[in-house]
Structures are given as C-alpha cells and as structure tokens.
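Presented below is the structure to which this report refers.
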Amino acid sequence: MPELPEVETTRRCLEPDLVGATIQDVDVRRDRMVRRQARPQEFRDRLLRRRIRGLGRHGKFLIADVEGDIAWVTHLGMSGRVSMAKPDEPERPHTNVVIRTDREVEFRLIDPRTFGFVVAWTPEELDGSSLGHMGPDAYSELPRSPVLRRGLDGRSAPIKALLLDQRILAGLGNIYADEALFRAGIAPDRPGGSLTGDEVQRLRRAIKVTLDAGLRWGGTSLDDLAYLLPDGRAGEYVHRLRVYGRDGEPCRRCGTEIQRTVLRQRSTHWCPACQT
DNA sequence: ACCTCCCTGGCC
DNA sequence: GGCCAGGGAGGT
C-alpha cells in the first residue's frame, strides 16, 4: 500500500540515519529486486564507499542523492517496506536487500511480492526512466486547480483512473484516490473532463487534506501489516479511512452503505449518496 | 487507452 | 482450491 504518505513517513524516519552516512556494504539477496538496473552489478558498484548527501521523494519514489551523481532509488511496490535495524537484530522473512553504512543501523528492504525495486541511476538514466516522466508531486508540488483542470480537459477516462496516473499527478494510490474523491464529493466513475471548475477546486483541496491527514497519522497500515514504519510502528490512518475497505459499512457522513466496485481492475470504494 | 502479467501470502 | 491485495511496465 505504500503511497505518498507511507513513502514520505518512511523518508522522514530514514533521514537522520542515512543522510551523511557512507555506504559500506550492499547485499542483494534477490536479483529480481535490481531488475531495473541495466547491469545488476552496477547497483553495488555505484553505491559502495559513497556518501549519501540527501534523501528526497517524488510521488512514491524514494530517492537518495549519492556522491558521484548517483540516484539510489527505492520503490516499495505493493508489499514493500523498509526496516532500520541493528545488524545483530534477527531478519524478518523476505528481507531482499540490505545496505550497511558507517552508522549503527542498516537499511533493510522487506518485500514479499517483489513488486518493489532498488536501482542506482545516473542522471541520464533517471531522466529516461518512468521517474523522469512523472507529473508534479501531489503533496509538495500540487498544482493550482486551473492547471489541474487543464490536465483533465477532454479526458473521458474515469477520474479515479486519472488520479492513479502518475504522469498527471505523482503519489496517489488506490487508497488515497478513493479517500480524496469521497472528500471532494465526486463519484469515481465520472469522466475526468466532465468535472466543473468548482469540482476540480474541491478535488484539489481534498487531495491536500487527505494527504496531510495520512501523513499526520503515519500512513495506513492495513490488517496484514505489510506496511510498517521503519522503526516497526504501525501507521494509524487506517482507523480514519472514510471509504477504503469500508464496503458494507455505513458512510461516516450520511449513513448510506459504502459500495465497492471494480474500476479498471482496481477496487474502488465510495458513498453513492455523498459522491455524485 | 486499455488489459495482462509480474509475485507471495492470507483468507474464505 | 480459488480469490484477493497497497503498483507499474509492457504490449496491443
């Protein structure tokens, strides 16, 4: 489930331990995790003995700025999470990548489904990657509503699908897209181009409020606890979700039963009374 | 502008 | 045993 609030929460947790640290060891236990590297060996070679200068994020991508103009990029996919642990702490199952530095705790990427990945890219490779074709960050670069509206103009695809398209806006996933549409009072299957100026303004505001709330509560840890903060705590936003995963339960605002439908192969949760 | 597939684990 | 799951690339 890692979406923008989970990745940003992860970033904030990692920052004090990673920024300024020098990478001493790179251990890839599953080759699949470096599948986006042209040559798998390059991941290790480009990071070893280099210093981490900063830690950023764009959309759902975590980006470490490494000496030598290398971007160490981590994506958590569907089931990934990072754990910062002392080397003598037992490893959890599916610890697929371990990176040790000159600091006390090591970076462990745990990812059962291996949809996540790590990669060390040069600036040119980064530009040519999906990261290079990503829209503005939904949290730190959220465009004004007239700009957003131009992006939706003429689009017949459902607004839910457009919110998930990272080339338009980067960072929303299935949970926060549903939550933002509920807050905006907009039905998920509305064609993007059919939204009025007022509706786009409400949607923009709803995205901001939803992401802020998700961040404030440390992100969303669902029942399976696939996502946890790097220190092992659970994100508490799951208790404040308005629609996601609440199908069959009463709408918190009007009491109508929350519906679950499938839109573009993704589960979609919404209140048929509040969202039109 | 769509589907399909990549994986593993958990739940019914 | 079958179905479901936070994401995204790749092919048609």
Side-chain angles (χ1 to χ4, degrees), chain A residues 1-10 29-38 57-62 73-82 92-97 109-119 121 125 128-135 138 151-181 188-189 191-193 210-211 214-215 217-229 234-238 240-241 243-248 260-269:
Chain A
M1 31 141 303
E3 305 180 31
L4 190 155
E6 290 77 34
V7 180
E8 176 61 15
T9 299
T10 298
R29 279 81 176 281
R30 286 199 62 169
D31 292 342
R32 185 177 144 74
M33 299 305 288
V34 291
R35 63 193 177 282
R36 299 196 48 185
Q37 196 83 56
R57 180 195 57 74
H58 192 98
K60 306 173 193 175
F61 289 75
L62 190 64
V73 173
T74 303
H75 196 294
L76 300 176
M78 286 274 255
S79 58
R81 74 174 182 97
V82 175
R92 310 201 70 89
H94 307 292
T95 300
N96 296 337
V97 178
L109 179 60
I110 303 163
D111 185 6
R113 288 175 77 182
T114 65
F115 287 2
F117 60 87
V118 287
V119 67
W121 272 327
E125 289 167 344
S129 75
S130 60
L131 227 180
H133 305 141
M134 194 135 23
L152 304 178
D153 196 36
R155 302 291 300 261
S156 59
I159 183 64
K160 162 81 182 277
L162 298 176
L163 286 181
L164 292 179
D165 186 342
Q166 306 294 300
R167 294 167 301 184
I168 299 176
L169 196 60
L172 294 182
N174 210 32
I175 298 176
Y176 295 95
D178 281 1
E179 294 294 309
L181 285 168
D189 61 352
T210 303
L211 292 176
L215 267 170
W217 293 94
T220 308
S221 295
L222 298 179
D223 292 343
D224 61 6
L225 301 183
Y227 162 76
L228 294 171
L229 276 63
E236 299 295 333
Y237 193 61
V238 63
R240 319 199 82 82
L241 293 172
V243 287
Y244 186 88
R246 296 193 66 247
D247 38 307
R260 177 185 180 277
T261 52
V262 176
L263 202 58
R264 295 283 229 275
Q265 331 289 89
R266 308 300 302 277
S267 70
T268 297
H269 311 74

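Convention: sequence-line order gives letters A, B, ...; per-chain numbering from 1.
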Rounded to the nearest Å, what distance is computed from the CG atom of residue A/L241 to the C1' atom of nucleotide C/dA5? 15 Å
Expressed as a whole number of angstroms, how long is the span from A/M134:CE to C/dA9:C1'? 13 Å
For C/dA5, take OP1 and OP2 only and decide whether either is under 4.0 Å from a side-chain N or O of A/R260. yes
Between CG of A/D111 and P of C/dG8 the distance, given in whole Å, is 13 Å
Is the phosphate of C/dA5 approached by A/R266 (side-chain N or O, under 4.0 Å from OP1 or OP2)? no
Hey, which sits more toward the 5' end of DNA chain C by its nearest nucleotide, A/R113 or A/L164? A/R113
From the list A/T261, A/D178, A/N174, side-chain hydrogen bond (donor to acceptor under 3.5 Å, both in side chains) partner of A/H269 resolves to A/D178
Across all strands shown, which nucleotide pairs with C/dA5 by Watson-Crick or G-U wobble geometry, both distances under 3.5 Å? B/dT8
Does A/R29 CZ have over 12 foreign heavy atoms under 6.0 Å away? yes
I need the minimum non-hydrogen distance between A/G219 and A/E6, along with the two atoms involved. CA-OE2, 3.3 Å
Ring-on-base stacking between A/F115 and C/dG7, under 5.5 Å between centres and under 30° between planes: is it there? yes
A/L76 CG - C/dG8 P separation (whole Å): 10 Å
Need one value for A/R81: base, sugar-phosphate or nothing, where a base atom within 4.0 Å counts as base even if backbone is also close, heavy atoms only. nothing
To the nearest 0.5 Å, how far apart are CG in A/L181 and CG in A/D189? 10.0 Å
Walk along DNA chain B from 5' to 3' and tell me the first and last nucleotide with an atom closer than 4.0 Å to a non-hydrogen atom of chain A. B/dA1 to B/dG9
In whole Å, measure the gap between the P atoms of B/dC7 and C/dG11 for me. 15 Å
Sugar-phosphate only, base, or nothing, as touched by A/Q166 at under 4.0 Å among non-hydrogen atoms: sugar-phosphate
Using whole Å, report how far NZ of A/K60 lies from C1' of C/dA9. 13 Å
Got more than 12 heavy atoms from elsewhere within 6.0 Å of CZ, A/R35? yes
Does C/dA5 have its OP1 or OP2 closer than 4.0 Å to a side-chain nitrogen or oxygen of A/S267? yes
How would you label the contact of A/S156 with the nucleic acid (heavy atoms, under 4.0 Å): base, sugar-phosphate, or nothing? nothing
C/dG7 C1' sits how many Å from A/E3 CD, rounded? 9 Å
Between C/dG7 atom P and A/M33 atom CE, what is the distance in whole Å? 16 Å
Whole-Å gap separating C1' (C/dG7) and CZ (A/R35): 10 Å
Sorted by position of nearest nucleotide on DNA chain B, 5' first, the leading residue of A/R155 and A/H94 is A/R155
Where do A/L109 and A/N96 land on the side chain to side chain contact (heavy atoms under 4.5 Å, CB included) test, with the steps shown first? CA-CA 6 Å; A/L109 179 60; A/N96 296 337; 5.6 Å; no
Go through it in stages, so that I can follow the logic: the residues are A/S130 and A/R36, the test is side-chain hydrogen bond (donor to acceptor under 3.5 Å, both in side chains), and I'd like the CA-CA distance, side-chain angles, deciding distance and then a yes or no. CA-CA 11 Å; A/S130 60; A/R36 299 196 48 185; 3.1 Å; yes
